[in-house]
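Below, all heavy atoms of this structure are taken into account, side chains as well, without hydrogens, waters or symmetry copies.
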Number of protein chains: 2
Amino acid sequence: MAAREIEHLIELLAKLPGLGPRSARRAALHLIRKRSRLMAPLAAAMTRAAEAITTCTTCGNVDTSDPCAVCADPERDDSLLCVVEEVADLWALERTGSFRGRYHVLGGTLSALDGVGPEDLRINGLVARAGAPAVQEIILATNATVAGQTTAHYITERLQHCRVQVSRLAHGVPVGGELDYLDDGTLTAALRARRPT
Amino acid sequence: MAAREIEHLIELLAKLPGLGPRSARRAALHLIRKRSRLMAPLAAAMTRAAEAITTCTTCGNVDTSDPCAVCADPERDDSLLCVVEEVADLWALERTGSFRGRYHVLGGTLSALDGVGPEDLRINGLVARAGAPAVQEIILATNATVAGQTTAHYITERLQHCRVQVSRLAHGVPVGGELDYLDDGTLTAALRARRPT
């Protein structure tokens, strides 16, 4: 029906997360309608990004330079190392503006089902970095899911012989959250970790 | 936080329908992760599409040629002209494979609120095409919404002096639909338009 160029565009758009065949068609038509104002700039941005972006060999972040901007920043605190699953988590923490240490991106979580072992993640690199004299604390900021917590547990064991403190993010009531809507696990954790005012 | 190239990519992705700021970030990370297998081909496909795709001056369809493949196809029935709101509707009808006539894409619907008048749609072009001797029937396939039906009504009036038959798509029970879940309007329409078996 549509030209081969359009079909191909729809096929590729449908591979983006969150877009199915129908929404990919809608997106393609939107792009076609805004050929000069959106499609051409987006194509240029993607070409530039595909060429320029690289993975930081130190921490696993994506950036246009290696080491990345976070690793290269001399203002950052070398004593704190925050371990996250994915680059998206690093971005989320950076958006808070409340962490000034360094990061280490694992690139996923351990998963026996999916055949993801320690050698598939950046765990050896983390252990090596943890041995650096400057590092004093490793914050495990993996997701509060089973896979994330399993991975955090494994990393804790691997770091046992390093002279660093290992900490995890606090569990508790989300800011702005209503108790009535919280699951039991979160409420129990918040109660256990209660703090004097 | 992320490099300027990534920020720019996210900004542009967020302009696609169905993608908000959060899903645009996810899409950007997915693209970055699959730089060579997805981002580069998608960028190339967009560049090609942005250069090659044009709007058919006859019917308003988008294609790499003008007149488009449908208008240029000598096998199609010149006596039938199907009027649709958008290119997406033309694609939907083409996917059925059950219409072999020509199309006319209005490019929207009349809307007093949004300031869309007849001169903003391809209505004059439609009236001109309707006057061609080959054309015998105009099928108004605008959406069954208030805006679509208003537009169909206006077009019917404009075509009054042409010697063509004007028809509309049938209303009724969708194939595979359950009566219990249908709205009253559709059921009433299906009942009124009942046919002898």
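- For the atom pair B:Ile32 CD1 and B:Ile6 CD1, the distance stands at 4.0 Å (nearest 0.5 Å).
- Among residues 165-188 of chain A, no residue has any heavy atom closer than 4.5 Å to a heavy atom of chain B.
- Both the backbone and the side chain of B:Thr55 come within contact range of chain A, with heavy atoms under 4.5 Å apart.
- Rounded to the nearest 0.5 Å, atoms CG (A:Asp63) and CD1 (A:Ile53) are 8.0 Å apart.
- Side chain of B:Arg100 to main chain of B:Asp77: no donor-acceptor pair is present (N/O by atom type, distance under 3.5 Å, no hydrogens or angles).
- One finds the CD atom of B:Glu85 at 5.0 Å from the OG1 atom of B:Thr109 (value rounded to the nearest 0.5 Å).
- At distances below 3.5 Å, not a single donor-acceptor pair connects side-chain atoms of B:Gln136 with backbone N or O atoms of B:Leu80.
- Residue with the most contacts toward chain A among B:Lys15, B:His8, B:Glu11: B:Lys15 (heavy-atom pairs, distance under 4.5 Å).
- Rounded to the nearest 0.5 Å, atoms CD1 (B:Ile155) and OG1 (B:Thr142) are 6.5 Å apart.
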Would B:Arg25 and A:Glu86 count as a salt bridge (Lys or Arg N to Asp or Glu O under 4.0 Å) if you check the C-alpha gap in whole Å, the side-chain angles of each, and the deciding distance to 0.1 Å? CA-CA 12 Å; B:Arg25 273 203 299 273; A:Glu86 299 286 357; over 6 Å; no
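- In the hydrophobic clustering of this structure, B:Leu106 groups with B:Leu159; members are Ile, Leu, Val, Met, Phe, Trp, Tyr whose side-chain heavy atoms approach within less than 4.5 Å, directly or through other members.
- At a cut-off of 3.5 Å, with distance as the only test, a side-chain donor of B:Thr96 or B:Ser98 sits close to an acceptor on the other residue.
- Listed by sequence position, A:Leu38, A:Met39, A:Ala40, A:Pro41, A:Leu42, A:Ala43, A:Ala45, A:Met46, A:Thr47, A:Arg48 are the residues of residues 38-48 of chain A in contact with chain B, using a 4.5 angstrom heavy-atom cutoff.
- Listed for the B:Arg35 side chain is no donor-acceptor partner under 3.5 Å among the backbone atoms of A:Glu51.
- Taken from OG1 in B:Thr57 to CZ in B:Arg122, the straight-line distance is 9.5 Å, to the nearest 0.5 Å.
- Residues meeting the ring pair (Phe, Tyr, Trp, His ring centres under 6.0 Å) test with B:Tyr154, sequence neighbours left out: none.
- Residues A:Tyr103 and A:Asp89 form no side-chain contact, since every pair of their non-hydrogen atoms from C-beta on lies 4.5 Å or further apart.
- Contacts with chain B (heavy atom to heavy atom, under 4.5 Å) involve no residue of residues 127-135 of chain A.
- Ranked by heavy-atom pairs under 4.5 Å with chain A, the list B:Ser23, B:Ala50, B:Ser65, B:Ala49 is led by B:Ala50.
- With a threshold of 4.5 angstrom between heavy atoms, A:Leu31 approaches chain B through side-chain atoms but not through N, CA, C or O.
- Annotation: maximal heavy-atom pairing with chain B below 4.5 Å, among A:Val87, A:Leu16, A:Leu19, A:Leu12, occurs at A:Leu12.
- B:Val70 and B:Phe99 fall within a single hydrophobic cluster, where Ile, Leu, Val, Met, Phe, Trp and Tyr are joined by side-chain heavy atoms under 4.5 Å apart, directly or via other members.
- Between A:Ile138 atom CD1 and A:Cys162 atom SG the span is 7.0 Å, to the nearest 0.5 Å.
- Between A:Cys68 and A:Cys56, the closest heavy-atom pair is N-SG, 3.3 Å.
- Between chain B and the options A:Leu9, A:Leu13, A:Leu29, the largest number of non-hydrogen pairs under 4.5 Å is found for A:Leu29.
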